[in-house]
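Worksheet: the structure to be examined is printed underneath.
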Amino acid sequence: LAKRRSYASLVDHMQTVLTQGGLYEGLEELDNLLNQYETAKNDPARAHALQHLIIDAVKDVNLDKDMHIDHDMPLADVVSRAHEVLSKIRNTQIQDGMHIFGELPEGDKRLDFISSIIRFDTGDPSPRRTIARVMGLDLMDLLKNQDKYSDELGASNGALLERLETITKHFIWAVLNEPDASYNVIFSRMVSEEDCRDLDSIRGRIMDINTRIDASLEIDSLLNGFSGGYIPAGPSGLISRGHEEVLPTGRNFYSLDPFKVPTRVSWRVGQRLAEALIAKHDREEGSIPENVAFYWMASDVMSADGEMFAEMLTLLGVEPVWLPNGQVRSFTITPLEKHGRPRIDITVRSSGILRDNFSNCYELLDEAVQAVAALDEPSEMNYVRKHAKKNMEESGSTWRDATLRVFSSRPGTYSSGVNLAVLASAWKDEADLADIFVAWNGYAYGKDIQGQTAHTQLAASLSTVSVTFNKVQSDEYDLLGCCCYFGTHGGITAAARHYSGNEVKPYYGDTREPENVEVRDLSDE
């Protein structure tokens, strides 16, 4: 924003060091009881005694609601859910203080910092998959909470993931401090030739990251800039999403080529998100959602390379076409028989920053919506066309107006309105919030449309919404950190409930582990 508005030079800086959340106090006691149960579950008397202790411990640490426990649930299910919840807690990364401008992470913080960079799976060789394999483990089994190892190794999946992180940091320490040590010594076991080759590649990456950290000159660059000197340019992005090219910091950072979104990698993640969303709704509601409302933030483009963008295209049943240079300028329509489900409609509330900086993205999405709506397909297999025809019949609007799907606040403004009403206590019920949301966000954007008044069209589109959606791609941010989450995601959920008359559920996607994406209810998130 600063660069766009004032052509400023921006001296970038390190992200906060992330470290493992781990377990503590009552959570450790619960974990100990779960481990006791694993060794005693074939002893009915001892297992029965542990049952009451486990359930009491779960309630003591306030996990009973997270686990959705009921009185008739078998103990094995309680134990399984407890392991899953503890695994998420102990393996979630948390911020270790704040970054102090000009200071480089040292000691254990350096290990945590490098570990948080290489833990993101950017392809082959994957550090986490490789080191897990050296340990005799399968990373995907661990991430999916399949307790195939608990009997054999006497530890839950969460504990093994925590051990994987510890061993990874030990490996990083050895690379930086004992460069001549053999892998057999570092891992205290025989390492295969194939794994040695992968570890060699990972070793080189760790050393490169370490060199880049040492080359960061934040204070020097700032003072040089104050003196009118030249500050070298450098790319931006989340370091914890595998973007070590952001280092060294202290450079005049720029954004990205918006035409390269979504990338091929984020396209695969977006497809998984769409599949997980559909599967969850079908499993819980017994149907495929007809219309999904999205809160589309600029962080999806700038930090996640368009994962949500890819998800929306997948739901519509279209696929990006990449040029040889990686840019996306067009799309192809996927035949219905290829994905075996109806084309799902979308309603999008774009953030103001995305609207102002990445118009090519929402223009391409709008073109995709127009193309899908124009297909000569049965209404029961094309919900975009179904809802557009219904909108035309009921409101008498034009076909173009009936197919508007990307909305935001009035040009030049940046609020959903709902957050202001909540903070001012200027509302009585959800109907008030719904009206405020439509009044503030009823402006359409798309190909050749820049802020057209479209309150009627937004309300009509919200009336067919089945579920709302937002997502997280990094432990550095969460939905309690900014009013835009409750204001916009909460606002569009309240509006969809009001205009549809249905109990629309808010879903939350999680792509922190891109090979194992998850979709949860907002309450669970």
Side-chain angles (χ1 to χ4, degrees), residues 12 14-21 87-88 90-96 99 105 109-134 137-140 142-144 161-162 164-169 171-172 175 198-199 201-210 212-213 235-249 256 260-273 276 299-311 471-478 509-518:
D12 67 354
M14 297 277 183
Q15 292 173 211
T16 304
V17 172
L18 297 174
T19 188
Q20 288 292 98
S87 177
K88 281 188 172 66
R90 75 200 304 168
N91 290 292
T92 293
Q93 292 188 296
I94 59 174
Q95 295 186 7
D96 185 7
H99 172 64
K109 286 194 173 186
R110 177 76 63 108
L111 302 181
D112 280 330
F113 191 65
I114 295 176
S115 178
S116 70
I117 297 173
I118 67 172
R119 71 179 272 138
F120 186 77
D121 200 336
T122 54
D124 293 322
S126 158
R128 294 184 83 202
R129 274 188 278 131
T130 300
I131 295 174
R133 194 168 62 241
V134 171
L137 305 172
D138 184 302
L139 181 61
M140 293 310 298
L142 289 173
L143 294 176
K144 291 177 179 178
L161 281 168
E162 199 169 45
L164 171 61
E165 180 70 13
T166 300
I167 292 175
T168 299
K169 285 192 280 192
F171 173 59
I172 295 169
V175 168
D198 286 347
L199 290 170
S201 177
I202 297 165
R203 177 195 289 268
R205 184 180 173 193
I206 290 170
M207 294 175 68
D208 177 62
I209 293 171
N210 191 60
R212 287 172 175 270
I213 293 172
S236 62
L238 284 177
I239 299 176
S240 56
R241 294 280 294 184
H243 289 294
E244 58 254 42
E245 71 274 8
V246 173
L247 299 169
T249 54
L256 69 154
K260 290 186 176 179
V261 175
T263 62
R264 293 181 186 273
V265 172
S266 65
W267 168 247
R268 292 196 294 271
V269 176
Q271 287 178 302
R272 296 188 194 109
L273 272 175
S299 58
D300 177 58
V301 176
M302 300 179 74
S303 302
D305 298 325
E307 291 172 350
M308 187 183 287
F309 188 11
E311 178 186 10
K471 67 182 282 287
V472 62
Q473 63 267 348
S474 168
D475 284 324
E476 289 170 89
Y477 308 99
D478 64 63
D510 182 347
T511 62
R512 288 174 291 187
E513 302 283 358
E515 295 297 323
N516 184 44
V517 303
E518 296 184 55

Under a 4.5 Å cut-off applied to non-hydrogen side-chain atoms, are [X] and [Y] in contact?
| X | Y | answer |
| --- | --- | --- |
| Ser236 | Val246 | no |
| Arg205 | Ile118 | yes |
| Thr511 | Leu273 | yes |
| Val301 | Phe309 | no |
| Pro235 | His243 | no |
| Gln95 | Leu18 | yes |
| Ile117 | Arg241 | no |
| Ser240 | Gln15 | yes |

Please report the shortest heavy-atom distance between [X] and [Y], naming the atom on each side.
| X | Y | answer |
| --- | --- | --- |
| Val17 | Pro105 | CG2-CB, 4.0 Å |
| Gly306 | Val261 | CA-CG1, 3.5 Å |
| Ala310 | Pro262 | CB-CB, 4.1 Å |

message: Does this structure show an ion pair linking Lys471 with Asp510, if we count only N-O contacts that are shorter than 4.0 Å?
response: no
Salt-bridge present (Arg129, Asp138; N to O < 4.0 Å): no
Distance from [X] atom [atom1] to [Y] atom [atom2], nearest 0.5 Å?
| X | Y | atom1 | atom2 | answer |
| --- | --- | --- | --- | --- |
| Ile202 | Ile172 | CD1 | CD1 | 10.0 Å |
| Ile131 | Leu199 | CD1 | CG | 6.5 Å |
| Leu164 | Arg119 | CG | CZ | 8.5 Å |
| Arg268 | Thr263 | CZ | OG1 | 8.0 Å |
| Arg512 | Glu518 | CZ | CD | 8.0 Å |
| Leu111 | Lys169 | CG | NZ | 7.5 Å |

Return yes if a side-chain donor-acceptor contact under 3.5 Å exists between [X] and [Y], otherwise no.
| X | Y | result |
| --- | --- | --- |
| Asp96 | Thr19 | no |
| Glu165 | Ser115 | yes |
| Asn210 | Arg110 | yes |

Donor-acceptor check, side chain of [X] to backbone of [Y], threshold 3.5 angstrom: yes or no?
| X | Y | answer |
| --- | --- | --- |
| Ser116 | Phe113 | yes |
| Thr130 | Ser126 | yes |
| Asp305 | Val265 | no |
| Arg272 | Pro514 | yes |

message: If the condition is side chain to side chain donor-acceptor pair (under 3.5 Å), which residues does Arg128 pass it with, not counting sequence neighbours?
response: Glu513
message: Which residues pass the side chain to side chain donor-acceptor pair (under 3.5 Å) test with Thr249, not counting sequence neighbours?
response: Ser216, Glu218
- prompt: Listed by chain and number, what are the side chain to side chain contact (heavy atoms under 4.5 Å, CB included) partners of Arg212, not counting sequence neighbours?
  reply: Asp208, Leu247, Pro248
- request: Could you go through the side chain to side chain contact (heavy atoms under 4.5 Å, CB included) check for Leu238 and Phe120 one step at a time?
  value: CA-CA 11 Å; Leu238 284 177; Phe120 186 77; over 6 Å; no
task: Kindly indicate, with the supporting measurements, whether the criterion side chain to side chain contact (heavy atoms under 4.5 Å, CB included) is fulfilled by Ile213 and Ile114.
output: CA-CA 9 Å; Ile213 293 172; Ile114 295 176; 4.0 Å; yes
message: Run the side-chain hydrogen bond (donor to acceptor under 3.5 Å, both in side chains) test on Asn91 and Gln20 for me, step by step, so that the C-alpha distance in whole Å, both residues' side-chain angles and the decisive distance to 0.1 Å come before the verdict.
response: CA-CA 6 Å; Asn91 290 292; Gln20 288 292 98; 3.2 Å; yes
